[in-house]
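Presented below is the structure to which this report refers.
Throughout, protein chains are lettered first and strands after them, A, B, ... in sequence-line order, and every chain is numbered starting at 1.
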There are 2 protein chains.
Amino acid sequence: MSATRDTINDKTRLSADAWAQAALDAIADQGIAGVAVEPLARRLGVTKGSFYWHFSNREALLKRALERWEEQETGVPFQSLENETDPRRRLQRVIREVNTSLRTSRIYQALSAAADDPLIAAFVTRVSTRRIETLRHYYEAVGLSPDNASRWARLTYSVFLGTLQIRRDMPAEWPHTDSTEFSQYIAFLEQALLPDDDAMNPDLAAPAHTGAALTGTLAANTATKS
Amino acid sequence: MSATRDTINDKTRLSADAWAQAALDAIADQGIAGVAVEPLARRLGVTKGSFYWHFSNREALLKRALERWEEQETGVPFQSLENETDPRRRLQRVIREVNTSLRTSRIYQALSAAADDPLIAAFVTRVSTRRIETLRHYYEAVGLSPDNASRWARLTYSVFLGTLQIRRDMPAEWPHTDSTEFSQYIAFLEQALLPDDDAMNPDLAAPAHTGAALTGTLAANTATKS
DNA sequence: TCGCCTCCATACGGTGGCGTATTGACAGCG
DNA sequence: CGCTGTCAATACGCCACCGTATGGAGGCGA
């Protein structure tokens, strides 16, 4: 562990960014409590003397690390999805990929867990808001009204967040990654988080399929309520 | 704040349970970091001397508080729901009530945020697992196969968790409690988290409603895959 | 009333982290 | 070759919290 620095004692001096990256690493596997000057210094093989030359205090480091994180987060990761032309397939892919990966989310979870710190909360809010906004666009692109797109985006994002927590706190409740139940659940998600086709043009929707109460497609129903 | 003790300086001595309850209160509005001996003592108007008579150390207090929490959590709160005879209405009510309240969940969020502590993680896991189990029963009672009930329960619980996070970290994304959008979203949830009626008896489901690809009811579709 | 047991106060030492001050190593450059 | 600027080591004081030791205060039974 802690192979943050390339080889343990290379002669290269440290940059501020090196400290910021080390802080992010520490967040990933120890939470923000891991962002402590002296422990970080030990991990980097130096002492506080170095740190306080690059940063005025601990908070400055935290801020820099968070900025770094926000950049990485709003950068390329969704790049491949933007190229997906079919909006329906695009939504399916988001749902699938986000609920599969987990690697990227360690930091997010740690940050969210420390959201009592207003500085951290600000970053978490920005990143999450932007993500929901993206989802909203995706849902609109599939033919939903702005209102319905908002609701679906909110729902889908809460599933993402909740799934993260489940996988962390109750791994027994989460199917093993290569099991058949796993792929079945992902398929299940892809459908539960995608409005029915006929929801997009309520005019064509059959008034009822089978049962009486509470049938009808999801989005169509709530849409007619407004 | 901190009116934990009845009146600030009543002569009654403290019991261990009083400390445990104070710890829970502290968790609710400061996170587990709030469970610190000396601050708690100040808040209770006593000194450490009292604490270390009742408990051997901080961890003992934490454990006792968590046990208290687990009791309260697996106790009455769902009582009224068990009396609901109509299983479909019961599910609707769970969805509605849990996503509306928030009060009860402050402690849960704080605990989940501190799930790096194995002691805390154990309690969180137990409580959450039990809750999912309850949901599973509810979904089975509505006519779903065990497999599908598991999936729906997992989905619904992740929505609960994710919604909590959204309301805490991005309150702007959550509709104001008495707005019309709020009630519309809850209605939306009640439908999105409830399988379609015809999903329960796939034989009766019409082969297709309108569109071609990806139609059919959610549960019916995944059910036929197994 | 005396003594004991319960609950709490006071005082102390220890630990881990923050931030500062001072000094030192080393490189580039005039 | 010395100057200067960059990066780091050492040493210090401070604070918050944990846990211990010890000594009361006050009720309560004998």
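Atom pair B:F51:CZ and C:dT10:C1' shows a separation of 18 Å (rounding to whole Å applied). If you measure from atom CG of A:N57 to atom C1' of C:dA21, you get 17 Å, rounded to the nearest angstrom. Taking atom CZ of residue A:R43 and atom C1' of nucleotide C:dG17, one finds them 17 Å apart after rounding to whole Å. Rounded to a whole Å, the CH2 atom of B:W19 is 12 Å from the C1' atom of C:dC7. With rounding to whole Å, B:Y52 atom OH is found 15 Å from C:dT10 atom C1'. Put simply, CH2 on B:W53 is 17 Å from C1' on D:dA21, counting in whole angstrom units. Taking atom CD1 on A:I32 and atom C1' on C:dG17, their separation rounds to 14 Å, with Å as the unit. Rounding to whole angstrom units, CG of residue A:L40 and P of C:dC18 are separated by 9 Å.
A cation-pi arrangement is present between B:R126 and B:F123, with the terminal nitrogen or guanidinium carbon under 6.0 Å from the aromatic centre and inside a 45° cone about the axis.
One finds no side-chain N or O of B:H54 lying less than 4.0 angstrom from the OP1 or OP2 phosphate oxygen of C:dT6.
Partners of A:R106 under the salt bridge (charged side-chain N to carboxylate O under 4.0 Å, His left out) rule, at least two apart in sequence or in another chain, do not exist in this structure.
The list of salt bridge (charged side-chain N to carboxylate O under 4.0 Å, His left out) pairs with a residue in residues 29-42 of chain B, not counting sequence neighbours, reads B:D29-B:R43, B:E38-B:K48.
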side-chain hydrogen bond (donor to acceptor under 3.5 Å, both in side chains) evaluation trace for B:Q165 with A:S158: CA-CA 8 Å; B:Q165 269 196 58; A:S158 60; over 6 Å; no
Show, in sequence, the C-alpha distance, side-chain angles and deciding distance for B:Y185 and A:S150, and conclude whether the side-chain contact (heavy atoms from CB on, under 4.5 Å) test is met. CA-CA 10 Å; B:Y185 185 64; A:S150 286; over 6 Å; no
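Between A:R89 and A:E190 there is no salt bridge, since none of the side-chain N atoms of the basic residue sits less than 4.0 Å from a carboxylate O of the acidic one.
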Which atoms of nucleotides 9-17 of chain D (N or O only) lie under 3.5 Å from a protein N or O atom, and what are those distances?
residue	atom	partner	partner atom	Å
D:dA9	OP2	A:T47	N	2.6
D:dA9	OP2	A:T47	OG1	2.8
D:dC17	OP2	B:R42	NH2	3.2

